[in-house]
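A quick write-up on the structure given underneath.
The model shown is predicted, which means the values in this text are computed figures rather than measured ones.
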Amino acid sequence: MFPCLAHRPWQVLCRVYLQQRATLSQRPSKIATPCFGWKSGGGVHKLWFSFPDSRVTSLMWTQVQYCSTSGSDKTGSPAGPVEPKPTEKEQAAQSSAKTAGSKTQGLTKAESIQVKVRAVLKKREYGTKYTQNNFITAVRAMNEFCLKPSDLEQLRKIRRRSPHDDTEAFTVFLRSDVEAKALDVWGSQEALARERNLRKDVEREYQENIFRNQKLLKEYKDFWGNTKPRSRKRATFLQGPGKVVMVAICINGLNFFFKLLAWVYTGSASMFSEAIHSLADTCNQALLVIGISQSVRNPDAVHPYGFSNMRYIASLISGVGIFMMGAGLSWYHGIMGLLHPQPIESLLWAYCILAGSLVSEGATLLVAINEIKKSAREQGLSFYEYVMQSRDPSTNVVLLEDAAAVLGVVMAAGCMGLTSLTGNPYYDSLGSLGVGTLLGTVSAFLIYTNTEALLGRSIQAEHVQKLTEFLENDPAVRAIHDVKATDMGLSKVRFKAEVDFDGRVVTRSYLEKQDIEQILNDIQQVKTPEELENFMLKHGENIIDTLGAEVDRLEKELKQRNPEVRHVDLEIL
């Protein structure tokens, strides 16, 4: 708009305002040439220009030049305008403007346009690394800067909102104060670095001593007997999936022993497949026991979200084991039986063992079915949905293995019966191939479902919609974006969303807790930009704290209304 403002080396940012100076009845009619003025006061500098009638103002823009601050007085007023020599066209425009001004002097009154230049705060450059206002806890101050609790007592203490649910507030220190105190205590950065390295060596030696002490303690317990109660793990295997797995591992172990004896006595390929099948089930369920015992461990620093996925990992390994050991050996023995058929001895004992195996495997199958029905009813799912979504991988493995065992027993008994009736050993080898195919199908299903669970699948869309509606119904929330709700296993959900908060509601929540009269008095005391900056910084930081408190409130209410949601991450949009 003004070329003078583009060339002016301002020390602060400027804003230009055009304002009508006076009305028709308030201005004298003797203004024929433009004039200017400079006002300074209260930290605000005003540069104004007066022109004749607006009809000739457009002819006078080229007369506005920049004002230099060099040679200004103490108040910051400029020494005067610097005007270049006008061109012939500009002289002609000036003469025409004067003529127009003299002709219209008696007809119209002059109107004035004021240009105000208002100073605003200069943008502060913080740089790539700015830690002057960072907070640090007492534990970090002592660990990272090698300070003692007595050293921290002399520093400024600040009470801040706690990020943990069990505490409302905790004490922090300014990082700049801690760094200065560390230099005061240790003398230099080099001395502080040496002390840090020394403490690292001491900590490493301490960890090695702990390992040795734990080993000695284990040997002592093994010698005298471990009397420490293990009620938690013991309770894990007395109910729910743990109980199902323990029953299955006992029954499959006995079945393997008797089927192995029957195979040695008869030489039947189908009986060998069934023995291998029971052995694979026993080994896989032993893996499930390890997975269940590991999944109940408490989270630690290395695994902050716990070990609940250990059940899926154990089930995945179990599926691979069924494929390699069960299906692979059954296929191998069946193919060898087709290529090199062998005569089969009396199958009476084999039939008796298969009948006992059918009863025991059926009983284990019923235990697994009842447990799945109970768990599915608690989560509001059907039996099919519970199994397909692999909500409880340990029980699913037992269910599928026992179902395959029952079908395998029927298939093996049928093929052995055909061999007994016809005397053809090929039927027995075909039964071995059938059992191997059945085990391969079960293993493929287990590998697929557990892989999907480990990849982190989303929960049901209806449940996601319920969580989203709860947040959107809160008055402090305008919108919810990028919602992710993943199943972490064992009915644990992790919820993440980006929240667009209503700043007016958050600010009103802050004002409701303040003394409004005191704030009004503080506003009236603001006279300079520096005072305005301090006022805004004070209340701006408090409003940010209020916004953090709103986030904590929403996370807490979301967990209370939905107990399966264990981890909530709300990001401010």
With a distance cut-off below 6.0 Å to the six-membered ring centre and an angular limit of 45° from the axis, does Arg140 pair with Phe135 as a cation-pi contact? no
May I have the step-by-step check of side chain to side chain donor-acceptor pair (under 3.5 Å) for Thr171 and Lys157, ending in yes or no? CA-CA 6 Å; Thr171 303; Lys157 299 179 179 62; over 6 Å; no
Side chains of Phe495 and Arg566, heavy atoms from C-beta outward: is any pair under 4.5 Å? no
Whether the side chain of Thr451 engages the backbone of Ile447 through a donor-acceptor N/O pair (distance < 3.5 Å, no angle test) should be reported. yes
Less than 4.5 Å apart, side chain to side chain, heavy atoms only: is that true for Asn134 and Leu174? no
State whether the number of non-hydrogen atoms from other residues, nucleotides or ligands found under 6.0 Å of Arg196 atom CZ is greater than 12. yes
Side-chain heavy-atom pair Ser458, Val464 within 4.5 angstrom cut-off: yes
With rounding to the nearest 0.5 Å, note down the distance linking OG in Ser318 to CG in Leu400. 10.0 Å
Apply the test side chain to side chain donor-acceptor pair (under 3.5 Å) to residues Arg311 and Ser295: give CA-CA distance (whole Å), side-chain angles for both, the deciding distance (0.1 Å), then the verdict. CA-CA 6 Å; Arg311 295 194 183 189; Ser295 65; 3.0 Å; yes
Going by atom types only, do Gln207 and Arg204 share a side-chain donor-acceptor pair under 3.5 Å? no
Just wondering, do Ile136 and Val172 contact through their side chains at under 4.5 Å, heavy atoms? no
Do other residues, nucleotides or ligands put more than 12 heavy atoms under 6.0 Å from the OH atom of Tyr332? no
Tell me whether Phe383 at atom CZ has more than 12 heavy atoms from other residues, nucleotides or ligands lying less than 6.0 Å away. yes
Looking at side-chain heavy atoms only, is the closest gap between Tyr312 and Thr449 below 4.5 Å? no
Contact check, side chains of Glu203 and Arg199, non-hydrogen atoms, under 4.5 Å: no
Phe145 CZ: over 12 foreign heavy atoms closer than 6.0 Å: yes
Let me confirm one number: the CD1-CD distance from Ile480 to Glu469, rounded to the nearest 0.5 Å. 11.5 Å
Is there a side-chain contact between Leu558 and Glu555, using heavy atoms and a 4.5 Å cut-off? no
With salt bridge (Lys or Arg N to Asp or Glu O under 4.0 Å) as the criterion, how do Asp569 and Arg494 come out once you've worked through the C-alpha distance, each side chain's angles and the decisive distance to 0.1 Å? CA-CA 8 Å; Asp569 301 321; Arg494 180 180 179 182; 3.2 Å; yes
Roughly how far apart are Ser315 OG and Gln285 CD, rounded to 0.5 Å? 10.5 Å
Below 4.0 angstrom, N of the basic side chain to O of the carboxylate: do Arg553 and Glu550 qualify? yes
State whether the side chain of Ser432 and the backbone N or O of Ser330 hold a donor-acceptor pair below 3.5 Å, judged by distance alone. yes
Distance check, rounded to the nearest 0.5 Å: Tyr386 atom OH versus Lys374 atom NZ? 11.0 Å
Can you confirm whether Tyr427 is buried at OH, in the sense that more than 12 heavy atoms of other residues, nucleotides or ligands lie under 6.0 Å from that atom? no
So, are Asp151 and Lys148 salt-bridged, with charged N and O less than 4.0 Å apart? no
Would Ser357 and Lys259 count as having a side-chain donor-acceptor pair, cut-off 3.5 Å? yes
Distance from Arg478 atom CZ to Glu472 atom CD, nearest 0.5 Å? 14.0 Å
Heavy atoms, side chains only, cut-off 4.5 Å: are Asn562 and Lys466 in contact? yes
Are any side-chain N or O atoms of Ser293 and backbone N or O atoms of Ile290, one a donor and one an acceptor, separated by less than 3.5 Å? yes
Exam field: side chain Ser375 to backbone Ile372, donor-acceptor pair closer than 3.5 Å: no
Residue pair Arg508, Glu512: steps toward the salt bridge (Lys or Arg N to Asp or Glu O under 4.0 Å) verdict: CA-CA 6 Å; Arg508 187 176 293 109; Glu512 290 174 354; 5.6 Å; no
Asn424 and Thr419 side chains, donor-acceptor separation under 3.5 Å: no
Taking Phe470's backbone N and O only, do any of them form a donor-acceptor pair with Asp474's side chain (distance below 3.5 Å, no angle check)? no
Rounding to 0.5 Å, atoms CG (Leu446) and CZ (Phe323) come to a distance of 12.5 Å
